[in-house]
Amino acid sequence: MPELPEVETVKRGLAPTMEGALLVRAELRRPDLRFPFPDDFAAAVSGRRILSLSRRAKYLMIDLEGGDVIIAHLGMSGSFRIEAGAPTARDGFHALRGKDEKHDHVVFHLDAHAGPARVIYNDPRRFGFMDLARREAIAEHAFFRELGEEPTGNALDAAYLAARFDGKAQPLKAALLDQRTIAGLGNIYVCEALWRARLAPVRPAGTLVDKRGGARKPLLLLVEAIRAVIADAIAAGGSSLKDHIQADGSLGYFQHAFSVYDREGEACRTPGCGGTVARIVQAGRSTFYCPRCQK
DNA sequence: ACATAGACCTGTTGGC
DNA sequence: TGCCAACAGGTCTATG
């Protein structure tokens, strides 16, 4: 599920309910996700008011009154959902509700503007995790210290990428997945951005840089492609590859706009190309691209 | 320094 | 229908 656009969508979905609400109690249904929860996690956050939600790379941050911040990463299969109203006896019956309660690992019980509500974290594979940090220490936190630029703002430009790519033999696919260069891109959006820029995923990153260390034209196109695909995906509410991912239960629809991802054997969508989307494996992960128009 | 493989988990899908 | 291998949006660690 979650690359940057999906986490951004989750944040926007949760914010109206969570911001300003009282986090009455955090209920942890197991001691760990990918990592153990901090020892004092539930006690530290319970009874605190939620000030705001934000996102950095693929991390969701929940700022609490008093200066603590809950840091959440959704891994591969994490999702949040909101349930309004107080829990009822029926909530225990999985069959009645048809929900995947088996993997509900964290429940934030809220006293929100519209009354009681629960924000529930579900994660079948448990590659996600939560941590707690002080707001003033966030920038130096191990999760954030080495992160590169966000692809949503003006900081990601051709000069920045040229400096990062200069002299690199690393394939573009791997270079773009490196969170230390661009924070928040994942497998889907890297494939899509490279297709939009007509660049082969196996091409060495350094070939987009000229002898003086400046950006060559394909790098300008790549920057535009990255920014555009991320903006388009956020506007579409992200991609829903499995069932619903948005907090209100609705679906993102960017998966319908994929040009190459998961389209092996299908026709390339570049006008006049006539190529066929191929799948290769790079660094153990599927890469989808058109060998005909991506050079 | 860097590239790849394996690890962490569970669920779904596709081929036989 | 059943079984099993392959694969899945991410990242960290070990190994060469």
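Reminder, nothing fancy here: chain letters follow the sequence lines and each chain counts from 1.
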Stepwise ring pair (Phe, Tyr, Trp, His ring centres under 6.0 Å) check, Y289(A) with Y261(A): CA-CA 8 Å; Y289(A) 75 111; Y261(A) 187 81; over 10 Å; no
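- Contact between the side-chain N/O atoms of H103(A) and the OP1/OP2 oxygens of dC9(B) is not found at any separation under 4.0 Å.
- For the pair F288(A) CZ and dA8(C) P, the interatomic distance rounds to 6 Å; values are reported in whole Å.
- The distance from atom CG of D262(A) to atom C1' of dA6(C) is 14 Å, rounded to the nearest whole Å.
- Contact annotation: side chain of R126(A) to base of dC9(B), donor-acceptor pair absent below 3.5 Å.
- Nucleotide dT11(C) holds its P atom 4 Å from the NZ atom of K58(A), rounded to whole Å.
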Can you list the steps and then say if D232(A) with R196(A) is a salt bridge (Lys or Arg N to Asp or Glu O under 4.0 Å)? CA-CA 12 Å; D232(A) 289 351; R196(A) 289 189 185 209; 2.9 Å; yes
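- One can place CZ of F129(A) at 17 Å from P of dC8(B), the figure rounded to the nearest angstrom.
- Contact between the side-chain N/O atoms of R285(A) and the OP1/OP2 oxygens of dT11(C) is not found at any separation under 4.0 Å.
- Rounded to whole Å, the separation between the P atoms of dA6(C) and dA7(B) comes to 15 Å.
- Residue R180(A) is out of contact with every strand shown, counting any heavy-atom pair closer than 4.0 Å.
- At whole-Å resolution of the value, CG in D32(A) and P in dC8(B) are 13 Å apart.
- Regarding contacts with the backbone of dG10(C), every side-chain N or O of H73(A) stays at 4.0 angstrom or more from both OP1 and OP2.
- When the P atom of dG10(C) is taken as reference, atom CZ of R55(A) falls 14 Å away, rounded to whole Å.
- The stacking criteria are not both satisfied for F127(A) over the base of dT11(C), which would need a centre-to-centre distance under 5.5 angstrom and an angle between ring planes under 30 degrees.
- Ring geometry for F144(A) against H141(A) counts as perpendicular: the plane angle is over 60°, on a 0 to 90° scale with 30° as the lower cut.
- For R145(A) and dC12(C), the CZ to C1' distance is 14 Å, given to the nearest whole Å.
- The number of heavy-atom neighbours closer than 6.0 Å to CG of D39(A), taken from other residues, nucleotides and ligands shown, is 12 or below.
- Pair assignment for dG16(C) gives dC2(B), based on Watson-Crick or G-U wobble hydrogen-bonding distances that are each under 3.5 Å.
- Neither OP1 nor OP2 of dT10(B) sits under 4.0 Å from any side-chain N or O of K102(A).
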Every protein N/O within reach of nucleotides 1-6 of chain B N/O, cut-off under 3.5 Å:
{"unit_1": "dA3(B)", "atom_1": "OP2", "unit_2": "Q170(A)", "atom_2": "NE2", "d": "3.4"}

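- For F165(A) and Y160(A), the ring centers are positioned 6.0 Å apart or more.
- Under the 4.5 Å side-chain criterion, counting only non-hydrogen atoms from C-beta, R269(A) is in contact with R263(A).
- Nucleotides dC9(B) and dA14(C) have their P atoms positioned 16 Å apart, rounded to a whole Å.
- In this structure, I71(A) atom CD1 and dG10(C) atom P are separated by 19 Å, rounded to whole Å.
- Taking only side-chain atoms of P124(A), from C-beta outward, the nucleotide of dG11(B), dC12(C), dC9(B) with the closest atom is dG11(B).
- For dT10(B), the OP1/OP2 oxygens have no side-chain nitrogen or oxygen of S77(A) closer than 4.0 Å.
- Each of F288(A), F254(A), W195(A) was scored for a ring pair (Phe, Tyr, Trp, His ring centres under 6.0 Å) with Y189(A), with one residue passing: F254(A).
- Counting non-hydrogen atoms under 4.0 angstrom, F143(A) reaches nothing in the nucleic acid.
- When the side chains of ILVMFWY residues are joined at heavy-atom separations under 4.5 Å, either directly or via intervening members, L132(A) and L53(A) end up in a single hydrophobic cluster.
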